[in-house]
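Report on one structure; see the data block that follows.
Quantities reported herein were computed from a predicted structural model and do not represent experimental measurements.
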Amino acid sequence: MAHPEIRVFNTMQQAKVPLTPITPGKIGIYVCGPTVYSFVHIGNARTFTSFDTIVRYLRFRGLEVRYVRNYTDVDDKIIKAAHENGEDPIELAARFIREFQADAKALHLLEPDVSPKVSETIPEIIAIIEKLIARGAAYAAGGDVYFEVRKYPGYLKLSKKHLDDLVSGAGERELVLEAKRDPLDFALWKAAKPGEPSWDSPWGKGRPGWHIECSAMSAKYLGEHFDLHGGGLDLIFPHHENEIAQSEAASGKTLCNCWMHGGFLDLEGAKMSKSLGNVVRLRDALGQVDPEALRYFFLTTHYRQALSFSDKQLADAETRMEYFYETLRKVDERVTGKDFGKGAVHGEPEKFLRELDEAMSDDFNFPGALGALSGLFNEMNQLTDKPPVKDKALVGRSLVALRDVAKKASLALGLFEDSPQDWLLRRRDRQVARLGIDVKKVDEAINARHAARAAKNFEEADRIRAELKGLRVEIMDTPAGTTWKVTSELSA
RNA sequence: GGCGGCAUAGCCAAGUGGUAAGGCAAGGGUCUGCAAAACCCUCAUUCCCCGGUUCGAAUCCGGGUGCCGCCUCCA
C-alpha cells in the first residue's frame, strides 16, 4: 500500500513540514515526561496519549521508532513536596514514578523504549555543563552555573519572543540574582542547600537546574541531532527554548528537526494545572470511565487544539466505544472458526485504512481518522445485519477483511485492544456497581419474562421489561437468547 | 505591554481557494409479539461581524468583536 507523505506541524517554523527521517526508515522522538511530585492529571494524560498515538501511527507506517520519555525526578517541586511530608525527595519521586506507571498501564500507553531519570543522568549533565563553560556559553558563580543567554544568538527562536520584552514583561518576577550576569540567565547547576539531594561536581555539591536534564537525556539516548521532540504547549517557553540553547550551544548542531506541541485540556473553560488546583487526577478519571473511552475522547480533537473536559462528551465517547465493540463482537461471532474460502470481497475494505492513513499523515489528524472508522464499522454492521449480497461466503470473506482492517486501525490508534466480550462485560459490571443493580434479581426477572413469553402472555412480559427499564436495565432478545445492558446514564 | 491560538448545526468536531467529513442528541422508517441493537432517511444555502481580492472564500487580505493560552512552576 502506497502511503501518503507524513507532514508534521513544526512549532519552529509554525508550519506543516514533511517528516524526513534523519536515518531513512527510523525516527527518534523525545517527549518531555512528567515531573514526578504527585499523581498526573488528565491534562498530562492527554498529552501523553497524543504522543503515544503518534508513535503508534509512525510504527504503523513501518518506521522504526525509538521513543524516549523521561522522568524528571530531581526538581524544586519534588523537594518541596518531600519536605512537606518528611519524605526523602528521591524516594517520593520513585513512588510517583510507580504511580505514573500504573496509570499509564491502565490507560494503555505504550512503554517508551527508554524512560531515563535525571538522577541517573548526572554524569552526562555535568559533562554538558562543562562543555558549555569551556565554550564560553555558561559561567560558574559561587557554586551555581548559569547559561549566558545573550551570548547565544539563537535564543528565543522557538518561542518567537524578544529578550527586551522578557525583561520588561517580567513584572514582579525576581529576575535579579546577584550571581547572575544577566537577569535572564538561567541555572544549569544549583549549589546544594541543606536537605536537598545533591551530587559532587566540579562546582561543588549541587544538583541540576530544570531544563538541562532533557538536553543530557535526549543526547544520551537519541544523539545530539534527532527527529522529533514533543511536549505540552506550555513547555515552549522557557523549557524547550532553554533546552535548545543548551544543547545547540554545546553541540553546535540542530537539536531536533521538528518541535511538536500538544494543546491543553481545559476544565470549565480554564486551563487545568496543578498550581491552579483545578485538577482531575487521571487515576480518578479512570475510576469513572473506560480507559479506551477516555482515549477516544482525547482523539476527538486534533492534538494541537484545546480540548474541554466534559462529562457529556466523555459519555458520548463511551457510547461510541460500545458501538465499536458491539460491532466487533457481532463480527467475531459470525466469522470465528469458519472458512469462507478464497475469492473476491464486497466493496473495498482497504479504503477505510487509506482514509485513516490520509488523515493521520496530515499532521496526525485524529478526528479525521475517527471519521474513517465510522465508515468501516458501518460497513461491518451492514454486512452482518443487512447483507447487500446473498453469497454467504462472500459476506464472510468481506467481514474477515474488514475485521483485519479494524485490527490494523487498532494498531495505529491504540483503540480496540480488548476482546469485545471482555470490554462489554467490564463496562456493564462497572455500571452495575455504580448503580447498585442487583444482578440476581435481573436474571430472575428475565427468567420470569421468558416464561411469560413462552405462554404468550405478552402483557406480563412487557410489564417486566418496563419494570427493568425503571432500573436502567434494557432487555435485548437475540437469536442466541436474552441479554441485557445498562442504559446510558444521560439518556435515561 | 510583547508573542501565539481559537470562533463551523442543540452539543462535540474535521475541513485552509472549488461549492460544508464524522460523532452525540433529535425526528421519521425498516426489523421486532413489544423492545433493544443494527440499518436507511431527515437534520448548517452556510462557517462570529464588516469590508476587500477572486470566475469562485468557511478557507486569502484588511478592520472589528469575543474567548483562551504563553511571557512565573506547569503536559
Side-chain angles (χ1 to χ4, degrees), chain A residues 11 14 16 31-35 37 40-51 75-77 80 156 159-162 164-175 210 230-239 241 261-266 269-276 279 296-297 300-302 304-308 310 312-317 319-320 322-323 326-327 330 355 359 362 365-375 377-378 380-386 388 453 456-459 461-462 465-466 469 474-478 482-485 487-488 490-491:
Chain A
T11 305
Q14 313 215 65
K16 287 182 200 173
V31 174
C32 286
T35 298
Y37 67 102
V40 291
H41 62 238
I42 50 176
N44 300 306
R46 184 208 179 183
T47 297
F48 296 136
T49 301
S50 293
F51 287 105
D75 171 271
D76 290 347
K77 290 193 296 294
K80 186 163 171 267
L156 304 178
S159 57
K160 297 359 178 205
K161 296 179 187 299
H162 305 283
D164 297 334
D165 296 337
L166 284 183
V167 177
S168 61
E172 296 168 17
R173 186 160 43 121
E174 282 194 43
L175 277 175
W210 188 40
L233 249 185
D234 49 349
L235 294 184
I236 294 175
F237 186 88
H239 187 241
E241 197 68 72
H261 292 97
F264 287 124
L265 185 71
D266 296 334
K271 174 190 161 185
M272 169 163 43
S273 77
K274 292 177 190 172
S275 50
L276 287 178
V279 296
Y296 183 93
F297 167 69
T300 56
T301 297
H302 184 96
R304 285 191 284 114
Q305 229 53 54
L307 206 207
S308 280
S310 122
K312 159 86 165 70
Q313 299 307 321
L314 222 43
D316 285 356
T319 299
R320 197 64 183 148
E322 185 184 29
Y323 167 81
E326 192 60 60
T327 304
K330 245 176 2 190
E355 280 173 21
D362 182 12
N365 188 338
F366 300 160
L370 260 25
L373 248 36
S374 292
F377 280 75
N378 177 266
M380 281 194 267
N381 276 121
Q382 280 187 51
L383 281 168
T384 34
D385 290 356
K386 301 216 160 184
R453 288 182 76 207
K456 303 264 185 215
N457 183 355
F458 293 123
E459 205 176 309
D462 289 348
R465 172 188 289 288
K469 195 155 195 175
E474 185 76 56
I475 287 175
M476 300 171 288
D477 297 320
T478 74
T482 299
T483 60
W484 59 277
K485 64 168 188 172
T487 56
S488 156
L490 288 176
S491 66

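A sub-4.0 Å separation between OP1 or OP2 of B/C40 and a side-chain N or O of A/Q382 is present. Taking side-chain N and O atoms only, A/N365 has no distance below 4.0 Å to OP1 or OP2 of B/G22. Look at A/N381 and you won't find any side-chain N or O under 4.0 angstrom from OP1 or OP2 of B/A37. The side chain of A/Y296 places no N or O atom within less than 4.0 Å of a non-bridging phosphate oxygen (OP1 or OP2) of B/G22. Residue A/R320 has a polar side-chain atom (N or O) positioned under 4.0 Å from OP1 or OP2 of B/C24.
When distances run from any side-chain atom of A/Q305 to the nucleotides B/G4, B/A37, B/A14, the shortest one goes to B/A14.
Using a 4.0 Å heavy-atom criterion, one finds that A/K330 contacts the sugar-phosphate atoms exclusively. Contacts of A/R453 with the nucleic acid, taken as non-hydrogen atoms under 4.0 Å apart, include base atoms. If you check every strand for non-hydrogen atoms under 4.0 Å, A/G230 touches nothing. Note on A/H239: nothing from the nucleic acid sits closer than 4.0 angstrom, heavy atoms only. Contacts of A/K485 with the nucleic acid, taken as non-hydrogen atoms under 4.0 Å apart, involve only primed sugar atoms and P, OP1 or OP2. A/E355 comes within contact range of no nucleotide atom at all, as no heavy-atom separation falls under 4.0 Å. At a threshold of 4.0 angstrom between heavy atoms, the contacts of A/F366 with the nucleic acid are absent. Residue-level contact check: A/D477 touches the bases, meaning some heavy atom is under 4.0 Å from a base atom. Counting any heavy atom pair closer than 4.0 Å across all strands shown, A/S50 reaches no nucleic acid atom. Across all strands, A/G231 comes closer than 4.0 Å only to sugar-phosphate atoms, never to a base (heavy-atom distances). Within 4.0 Å of A/L373, counting heavy atoms only, lies no atom of the nucleic acid at all.
Nucleotide B/G10 forms a Watson-Crick or G-U wobble pair with B/C24, both donor-acceptor distances falling under 3.5 Å. With a 3.5 Å ceiling on both atom-pair distances, B/C47 lacks any Watson-Crick or G-U wobble partner.
Using C1' as the reference atom, B/G52 and B/A57 are 12 Å apart when rounded to the nearest Å. Taking atom P on both nucleotides, B/U16 is separated from B/A75 by 31 Å, rounded to a whole Å. Across the P atoms, B/A44 and B/C11 are found 14 Å apart, a figure rounded to whole Å. Nucleotides B/A9 and B/G69 place their P atoms 22 Å apart, quoted to the nearest Å. Across B/G23 and B/A14, the matching C1' atoms stand 11 Å from one another, rounded to whole Å. A distance of about 39 Å separates the P atoms of B/G63 and B/C43, rounded to the whole Å. With C1' as the reference atom, B/U19 and B/G5 are 28 Å apart, rounded to whole Å. Across the C1' atoms, B/C3 and B/C55 are found 39 Å apart, a figure rounded to whole Å.
The base of B/A13 lies outside donor-acceptor range of the side chain of A/H302, with no N or O pair under 3.5 Å.
Note that the CD atom of A/E326 and the CE atom of A/M380 stand 12.5 Å from one another [nearest 0.5 Å].
Between the P atom of B/C73 and the CD1 atom of A/I236 lies a distance of 15 Å, rounded to the nearest Å.
The heavy-atom pair separating A/T384 from A/K330 by the smallest distance is OG1-CE, 4.0 Å.
A donor and an acceptor atom, one from each side chain of A/E241 and A/S159, are located under 3.5 Å apart.
Cation-pi geometry between A/K80 and A/Y37 is not met at under 6.0 angstrom from the ring centre and within 45 degrees of the axis.
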